[in-house]
Amino acid sequence: MLDAAYANIIYDPRDPDPDRLYKSLFFEARDPAGTPNMGDGVSVAFSPDGLRWTKYYGNPVITQSSDSHTLLGGDDLDGKYVSFARPSVHEGDRTRRIGRSTSEDFTTWTVPEDVLVPDDADPPGLEFYGMPVFKYHDHYIGQLLAYHTPPEEPQIRFMGTIDVQLAVSRDGIDWQRAGDRQPFIPNGPPGSIDAGEIYMARGPVTVDDELWFYYSVCAVEHGITGRSGPICLAKLRLDGFVSMDAGHEMGALITKPFLVEGDSLSINVSARGGSVAVAVLDEHGIQHEGFSRSDCVLFDGDSVDHEVTWRTKTSLDDLRGRAVRLKFYLRNAELYSFTVS
């Protein structure tokens, strides 16, 4: 086992070396006895089975970093390993923020570069403690650990509560805050087990039609000794991060043009007590025959993968290879996503 703090572990079957199938990125503090090849910073280790670990002789591999980092792992977008390592608050900027570091071999890492920092739209004292990131379809989802520090405390600040907000990116570099910067997983009320701090696992686990998020909590805020707590679980429907909603009045939503590369249209929608219908338009907004709103079989249930059909058209096969727009008609409904497969 590793003597390590904040260890992140990935399974990497693409590595031809059987002794490097499991990889870990972790924070390692200097050994008081002065053991060689150890020092304050982020280090790596390798294992053939996840149980027997060998630390890299050249540790630490990232020294301009603080003690909070998360490992995305191998990123197909640029063919490199990616870590969101928090840049050091002891060199220059004393505000906790999110940095990005990359490596081609998992042992030589770049200096973390800022990719997400608090801005003027954030309340005074807000800092970013860390951000576990996972890939979700073609997006990067960041579970931003929002650290609410007292602004009157001199930096580097140590007191404050931590909740979880969301950020989203197409490339892992350019990030946008999501959900109007409201907590995705909020702190509990005073005296509860999660009143002080919340720390997320690297990413959710898909179980049937849900995403399961595991996280650890503390009843007291950061900076207080005796910070420990249980592991908790939060559940979210598939694609349930955001939705387009309509109330009692009928609403309509038209997508951007896209190329039809499948024949089945399924929707993730909650419409109990309401209804959903879908029309198919060409790229200029002209109605395709047989795919109108009145042709569509109405849906008034709750499903993560309801297959849409029309009276004379059971699929999109006639439109394969063509650019189309979808027009959704919603009443008392929440539309989360759609899929053409």
If hydrophobic clusters are built from ILVMFWY residues whose side chains come within less than 4.5 Å, do [X] and [Y] share one?
{"X": "I173", "Y": "F134", "answer": "no"}
{"X": "Y136", "Y": "F184", "answer": "yes"}
{"X": "V304", "Y": "M244", "answer": "no"}
{"X": "Y56", "Y": "W109", "answer": "yes"}
{"X": "F213", "Y": "I162", "answer": "yes"}

Side chain to side chain contact (heavy atoms under 4.5 Å, CB included) between R96 and I156, intermediate numbers included: CA-CA 9 Å; R96 292 172 177 85; I156 305 166; 3.6 Å; yes
Return all side-chain donor-acceptor pairs below 3.5 angstrom for residues 334-341, not counting sequence neighbours, or 'none' if the list is empty.
residue : atom : partner : partner atom : Å
E334    : OE1  : Y336    : OH           : 2.8
S337    : OG   : D239    : OD2          : 2.5

Any donor-acceptor pair under 3.5 Å from [X] side chain to [Y] backbone:
{"X": "T149", "Y": "G125", "result": "yes"}
{"X": "S270", "Y": "D302", "result": "no"}
{"X": "D174", "Y": "S169", "result": "no"}
{"X": "S83", "Y": "L71", "result": "no"}
{"X": "E221", "Y": "T161", "result": "no"}
{"X": "T110", "Y": "S101", "result": "no"}
{"X": "Y147", "Y": "F158", "result": "yes"}
{"X": "D17", "Y": "D19", "result": "yes"}
{"X": "Q165", "Y": "A178", "result": "no"}
{"X": "Q143", "Y": "A201", "result": "yes"}

Please examine the side chains of [Y] and [X], heavy atoms only from C-beta on, and report whether any two atoms are closer than 4.5 Å.
{"X": "L326", "Y": "L265", "answer": "yes"}
{"X": "S303", "Y": "D305", "answer": "yes"}
{"X": "L21", "Y": "P48", "answer": "no"}
{"X": "P204", "Y": "L236", "answer": "no"}
{"X": "L145", "Y": "V164", "answer": "yes"}
{"X": "K135", "Y": "Y140", "answer": "yes"}
{"X": "F328", "Y": "T255", "answer": "yes"}
{"X": "I9", "Y": "K23", "answer": "no"}

Verify the neighbour count for atom [atom1] of [X]: are there more than 12 heavy atoms of other residues, nucleotides or ligands below 6.0 Å?
{"X": "D119", "atom1": "CG", "answer": "yes"}
{"X": "E249", "atom1": "CD", "answer": "no"}
{"X": "M159", "atom1": "CE", "answer": "yes"}
{"X": "Q287", "atom1": "CD", "answer": "yes"}
{"X": "E153", "atom1": "CD", "answer": "yes"}

Assess the residue pair Y215 and D194 against the criterion (side chain to side chain donor-acceptor pair (under 3.5 Å)); give the C-alpha distance rounded to whole Å, side-chain angles, the decisive distance to 0.1 Å, and a yes or no. CA-CA 10 Å; Y215 58 99; D194 54 356; 4.9 Å; no
State which residues pass side chain to side chain contact (heavy atoms under 4.5 Å, CB included) with K80; sequence neighbours excluded, sorted by chain then number. D78, T102, E104
Tell me, please, which residues at least two apart from Q155 pass side chain to side chain contact (heavy atoms under 4.5 Å, CB included). R94, T95, E127, R157
How many angstroms lie between atom [atom1] of [X] and atom [atom2] of [Y], to the nearest 0.5 angstrom?
{"X": "M200", "Y": "M131", "atom1": "CE", "atom2": "CE", "answer": "13.0 Å"}
{"X": "S24", "Y": "W53", "atom1": "OG", "atom2": "CH2", "answer": "5.0 Å"}
{"X": "R322", "Y": "L316", "atom1": "CZ", "atom2": "CG", "answer": "11.5 Å"}
{"X": "L233", "Y": "W212", "atom1": "CG", "atom2": "CH2", "answer": "6.0 Å"}
{"X": "R325", "Y": "L253", "atom1": "CZ", "atom2": "CG", "answer": "11.0 Å"}
{"X": "R97", "Y": "D114", "atom1": "CZ", "atom2": "CG", "answer": "4.5 Å"}

R20 to F46 six-membered ring, cation-pi geometry met (6.0 Å, 45°): yes
Does R86 make a cation-pi contact with F128, if we ask for NZ or CZ under 6.0 Å from the ring centre and within 45° of the axis? no
Give every residue pair that meets the ring-ring contact (aromatic ring centres under 6.0 Å, His included) criterion with at least one member in residues 264-294, sequence neighbours excluded. F291-W310
Which atoms form the tightest heavy-atom contact between [X] and [Y], and what is the distance?
{"X": "P189", "Y": "A195", "answer": "O-CB, 3.3 Å"}
{"X": "A271", "Y": "A333", "answer": "CB-CB, 3.9 Å"}
{"X": "I10", "Y": "G73", "answer": "CD1-CA, 3.8 Å"}
{"X": "N332", "Y": "G273", "answer": "ND2-O, 3.4 Å"}
{"X": "R311", "Y": "S294", "answer": "NE-O, 3.9 Å"}
{"X": "L77", "Y": "R170", "answer": "CD2-O, 4.1 Å"}

CA sep, side-chain torsions, deciding dist, call: V61, S103, side chain to side chain contact (heavy atoms under 4.5 Å, CB included): CA-CA 10 Å; V61 295; S103 173; over 6 Å; no
Kindly indicate, with the supporting measurements, whether the criterion side chain to side chain contact (heavy atoms under 4.5 Å, CB included) is fulfilled by I231 and Y214. CA-CA 7 Å; I231 301 297; Y214 289 91; 4.3 Å; yes
Are the charged groups of [X] and [Y] less than 4.0 angstrom apart, N to O?
{"X": "R14", "Y": "D76", "result": "yes"}
{"X": "R181", "Y": "D122", "result": "yes"}
{"X": "D209", "Y": "R237", "result": "no"}

Test L211 against T206 for side chain to side chain contact (heavy atoms under 4.5 Å, CB included), laying out the working first. CA-CA 5 Å; L211 299 174; T206 301; 3.6 Å; yes
Quick one: do the D12 and Y81 side chains pair a donor with an acceptor below 3.5 Å? yes
Tell me, please, which residues at least two apart from D318 pass salt bridge (charged side-chain N to carboxylate O under 4.0 Å, His left out). K313
Co-members of the apolar cluster containing Y329 [side chain, <4.5 Å]: M250
